[in-house]
Amino acid sequence: EADPQDHRFSLQEVLDSFKLCLSENKEVYLEHYVSGWRGLVKFLNSLGSVFGFISKDAVGKINILEGYLEGDNSSQYATIQLMVKYELDNQLVDLTKRGNHPESGCRTLLRLHRALRWLELFLERLRVSGQDEKTSVMCADAYNQSLSQHHPWVVRKAAGLAFCVLPGREAFFQVMNVGSAEQVVSVLGEAVPLISEVYQITETLYAEQQLLQLP
Ligand code: 1PZ
């Protein structure tokens, strides 16, 4: 039975946030996107301090977005679609090189969006993995297929080292806190398509507005 006092990470919590992300006409609510990320960071922190440099960067970006959600123009940040329109219409985005708006919502969210692709690939790989497969290999493969292309050598190197100390598949499943391996696989089966849909909607929006390379 779920204990409301339980502050441990649960994959279910992340799933719930990403479920709430999509509006009826497929807009992405920033509030739930951000809370999904908060849940993921909780998970990362429970894996150990080696991942501190990663969670620190993610938290920094989450906090920037939360600042907009709580700021004077919060209604303009209700969805990613509104945020993009508002920031572009008001010249609040550095489009080609870093300038007056190094912390725009658009460029900040893009970093998390790229990481969401890594997450999608990694979780799918975990979902279909066999008992003896290494999480470190699954994680590295997913990273090399996605996020790594946006990182300089030194970050790729640090990430590679961090992957090596990931717990094994069984321990990893336990940290997810949803029950047996079968239950984990089933929750992953629900989570991956949801994450994928949120990713695709954001990707299409950013591509249409030519925002995929924001500095
Ligand atoms: C479960 C194992 C976790 C592995 C996480 C895989 C991602 C490795 C990413 C390592 C990057 C950390 C250092 C920060 C790099 C930043 O330079 C970049 C670009 O931001 P900018 O410098 O332009 O402001 N930041 C990112 O790419 C965002 C990375 C967020 C990673 C969040 C991972 C969440 C993990 C969830 C665990 C299930």
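In this chain, numbering begins with 1 at the start of the sequence shown. Heavy-atom basis, side chains included; hydrogens, waters and symmetry copies ignored. Numbering of ligands and ligand atoms starts at 1, following listing order.
- Ring pair Tyr33/Trp37 is tilted by interplanar angle, where 30° to 60° counts as tilted.
- For Leu147, every heavy-atom contact with ligand 1 shorter than 4.0 Å involves the side chain, none the backbone.
- Between Arg98 and Asp94 there is no salt bridge, since no side-chain N of the basic residue sits under 4.0 Å from a carboxylate O of the acidic one.
- Side-chain contact check for Gln145 and Asp141: no donor-acceptor pair (N or O, by modelled atom type) lies under 3.5 Å.
- Residue contacts with ligand 1: Trp118 is placed with no nitrogen or oxygen under 3.5 Å of a nitrogen or oxygen of the ligand (distance criterion only).
- Considering both main-chain and side-chain atoms, Arg111 comes within under 3.5 Å of ligand 1 through a nitrogen or oxygen pair.
- Pairs of residues two or more places apart, or lying in two chains, that qualify as side-chain hydrogen bond (donor to acceptor under 3.5 Å, both in side chains) and include a residue from residues 200-211 are His113-Glu203, Tyr199-Glu203.
- When only interatomic distances are considered, the shortest N/O to N/O separation between Trp37 and ligand 1 does not fall below 3.5 Å.
- With a heavy-atom cut-off of 4.0 Å, His150 does not touch ligand 1 at all.
- Those atoms of ligand 1 that come under 4.0 Å of a heavy atom in Val155, given as number and element, are 11 (C).
- Close contacts of ligand 1 with Leu166, meaning ligand atoms under 4.0 Å from a residue heavy atom, involve 1 (C), 2 (C).
- Atom 24 (O) of ligand 1 is approached by the protein to below 4.0 angstrom, counting heavy atoms only.
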Which atom pairs, donor and acceptor, lie under 3.5 Å between side-chain atoms of residues 67-76 and protein residues at least two apart or in another chain?
| residue | atom | partner | partner atom | Å |
| --- | --- | --- | --- | --- |
| Tyr68 | OH | Glu103 | O | 2.6 |
| Asn73 | ND2 | Tyr86 | OH | 2.9 |

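- In terms of protein heavy-atom proximity, atom 30 (C) of ligand 1 is nearest to Ala115 CB, 4.0 Å.
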